[in-house]
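Read through the structure below, which is laid out as structure tokens, and then see the notes.
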Amino acid sequence: MAMPLRQSIKVATYLIEQKLRRREKFPLIVELEPLYACNLACEGCGKIQHPAGVLKQRMPVAQAVGAVLESGAPMVSIAGGEPLMHPQIDEIVRQLVARRKYVFLCTNAVLLRKKIEKFTPSPYFAFAVHIDGLRERHDESVAKEGVFDEAVAAIKEAKRRGFRVTTNSTFFNTDTPQTIIEVLNYLNDDLKVDEMMISPAYAYEKAPDQEHFLGVEQTRELFKKTFAGGNRARWRLNHSPLFLDFLEGKADFPCTAWAIPNYSLFGWQRPCYLMSDGYVPTYRQLIEETDWDKYGRGKDPRCANCMAHCGYEPTAVLATMGSLKESLRAARETVSGNR
């Protein structure tokens, strides 16, 4: 796990505080969506299928920051849509960083070089660039030529300016162990990004492409082969060891969607970033009024093939904290990743 040591300590301290306060449900990271509009039309995404009136909306800065503070989460992932299309995205980031929240700004990087002057490097801030494959594969996934080359140029420029840069890669049933290995090798060895996050794709109900999402057994077989030969230990993957075990079928966990809640233009989304069963105005209502026991594989058919990090990474983190053996294992990988 390549999470910076300072961040690892803060998250570990936060988890200990929740345990001492005997809180059963609490957020690790908030998925903040201050807009749904995007400058790409990816086949596997259902976010831009909202009506035109919704796509024109932009969340006010005070509302965005207030939601994060209300939750108390130590980390924030700003997504969308494309966050760089928000005219005040830099102010949202600035205010969250000033409060020592770890902020990941998720972006397709098309606008990154044009907007980068608005941001300041900080150990609390990182650009999280979406990369789903090498040039041909990535451009196909986002339905536009030239996006991969622009993303690579933006990553290099951001690194040159001293920003932390992470990547997020989603994989489908059209991927093979070799295609995954190729893109992760490139990101790890050639671009030398700080951290990489990976996830099997989830079947958004509104996504135009409904044919290429992975099933559970497909996911396990795919990542088992991908991680073979020492790749898993070599790559700077921003995941707990237990979540990587989960991906390749060495461990299984229940979903803890409440640990990565989503806040969007409509409010707090039930039950998670990927599914929409209504919205509530406050984080407390989300936690206390949602029937969490009815979600997850074996309970809700929509969850049958989900192995996405937003549902299962927090379970793996909590399991790690509950085991001395796994805590030491994670600590070793954190220290190794920060050498």
Side-chain angles (χ1 to χ4, degrees), residues 2 29 31-49 75-86 89 93 103-116 119 125-159 163-172 174-175 179-180 182-188 190-204 207-209 212-214 235-239 260 262 273-274 308-310 313:
I29 182 169
E31 292 277 359
L32 177 67
E33 294 180 311
L35 79 171
Y36 286 129
C38 190
N39 48 7
L40 294 177
C42 304
E43 289 294 308
C45 177
K47 295 295 180 178
I48 64 167
Q49 307 306 316
M75 299 181 288
V76 187
S77 175
I78 305 179
E82 170 51 54
L84 291 177
M85 292 176 65
H86 193 296
I89 190 61
V93 169
V103 180
F104 297 86
L105 194 155
C106 302
T107 176
N108 56 40
V110 171
L111 296 173
L112 182 51
R113 288 197 289 173
K114 296 178 182 178
K115 303 280 188 175
I116 199 166
F119 301 92
F125 176 65
F127 290 112
V129 180
H130 207 95
I131 299 288
D132 285 343
L134 296 181
R135 182 179 291 106
E136 182 178 352
R137 195 170 194 83
H138 180 73
D139 286 356
E140 181 182 5
S141 74
V142 301
K144 187 174 182 180
E145 292 185 5
V147 175
F148 177 82
D149 289 338
E150 180 56 38
V152 168
I155 288 172
K156 290 179 178 178
E157 179 62 14
K159 292 284 289 181
F163 288 95
R164 283 182 61 212
V165 180
T166 70
T167 54
N168 183 15
S169 300
T170 304
F171 299 111
F172 296 80
T174 49
D175 279 292
T179 63
I180 298 176
E182 287 173 355
V183 68
L184 294 182
N185 277 345
Y186 179 74
L187 296 173
N188 192 84
D190 296 302
L191 283 186
K192 294 181 170 56
V193 300
D194 294 281
E195 302 164 354
M196 299 178 292
M197 188 163 63
I198 58 178
S199 184
Y202 175 81
Y204 282 108
D209 181 358
H212 297 124
F213 295 102
L214 287 158
W235 291 325
R236 291 182 297 280
L237 297 173
N238 185 23
H239 294 290
I260 306 187
N262 173 260
Y273 175 69
L274 300 171
H309 54 79
C310 62
E313 176 74 84

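- In this structure, N168 and V129 have side chains that are not in contact, with every pair of non-hydrogen atoms separated by 4.5 Å or more.
- Looking at C42 and S141, their side chains never come closer than 4.5 Å, going by heavy atoms from C-beta outward.
- Judged by distance alone, with hydrogens and angles left aside, the side-chain atoms of D132 form a donor-acceptor pair with the main-chain N or O of T170 at under 3.5 Å.
- With rounding to the nearest 0.5 Å, the separation of CG in L134 from CG in D139 is 10.5 Å.
- Closest of all the heavy-atom pairs between A151 and A109 is CA-CB, 3.8 Å.
- Taking the side chain as every heavy atom from C-beta outward, E195 and F104 approach each other to under 4.5 Å.
- Rounding to the nearest 0.5 Å gives a distance of 9.5 Å between CG of L191 and NZ of K159.
- A donor-acceptor pair under 3.5 Å is formed between the side chain of N262 and the backbone N or O of E31.
- Residues forming a side chain to side chain donor-acceptor pair (under 3.5 Å) with N108 (at least two apart in sequence, or on another chain): N39, E82.
- Using a distance-only test at 3.5 Å, with no hydrogens or angles considered, a donor-acceptor pair links the side chain of D194 to the main chain of V165.
- Expressed to the nearest 0.5 Å, how far CZ of R236 lies from CE of M196 amounts to 6.0 Å.
- Taking all atoms of both residues into account, the shortest heavy-atom contact from S199 to A308 is OG-CA, 3.5 Å.
- In this structure F163 satisfies the ring pair (Phe, Tyr, Trp, His ring centres under 6.0 Å) test together with F127, sequence neighbours excluded.
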* side-chain contact (heavy atoms from CB on, under 4.5 Å) evaluation trace for L274 with C310 -> CA-CA 8 Å; L274 300 171; C310 62; 3.4 Å; yes

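- Y36 meets the ring pair (Phe, Tyr, Trp, His ring centres under 6.0 Å) test with H50, F266; sequence neighbours excluded.
- Partners of P83 under the side chain to side chain contact (heavy atoms under 4.5 Å, CB included) rule, at least two apart in sequence or in another chain, are I78, I89, L105.
- In this structure the side chain of M85 reaches within 4.5 angstrom of the side chain of L111, judged on heavy atoms.
- Taking all atoms of both residues into account, the shortest heavy-atom contact from P200 to L214 is CB-CD1, 3.9 Å.
- Remark: E157 engages R160, R161 in a side chain to side chain donor-acceptor pair (under 3.5 Å) (not counting sequence neighbours).
- Side-chain contact between L84 and F119 is present, with at least one heavy-atom pair separated by less than 4.5 Å.
- Put simply, CD1 on I29 and CD1 on I260 are 6.5 Å apart, with the number rounded to the nearest 0.5 Å.
- When every heavy atom of E313 is checked against every heavy atom of N238, the shortest pair comes out as OE1-O, 4.1 Å.
- Nearest heavy-atom pair, V152 versus Y186, reported as atom, atom and distance to 0.1 Å: CG1-OH, 3.5 Å.
- The closest side-chain heavy-atom distance from T166 to V193 is not below 4.5 Å.
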* To do: Would you please test R137 and D175 for side-chain contact (heavy atoms from CB on, under 4.5 Å) and show each step?
  => CA-CA 9 Å; R137 195 170 194 83; D175 279 292; 2.7 Å; yes

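- H239 contributes a side-chain N or O that, together with a main-chain N or O of I198, makes up a donor-acceptor pair within less than 3.5 Å.
- Looking only at side-chain heavy atoms (C-beta outward), Y273 and E33 come within less than 4.5 Å of each other.
- Across A143 and A41, no two heavy atoms sit closer than the pair CB-O, 3.8 Å.
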* Criterion side-chain contact (heavy atoms from CB on, under 4.5 Å) on T167 and M197, from CA distance to verdict -> CA-CA 6 Å; T167 54; M197 188 163 63; over 6 Å; no

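- Checked by atom type and distance alone, the side chain of S169 pairs as donor or acceptor with a backbone atom of I131 at under 3.5 Å.
- Side chain of N185 to backbone of E182: no donor-acceptor contact under 3.5 angstrom is found.
- Listed by first and then second residue, the salt bridge (charged side-chain N to carboxylate O under 4.0 Å, His left out) pairs involving residues 143-156 are R113-E150, R135-D149 (not counting sequence neighbours).
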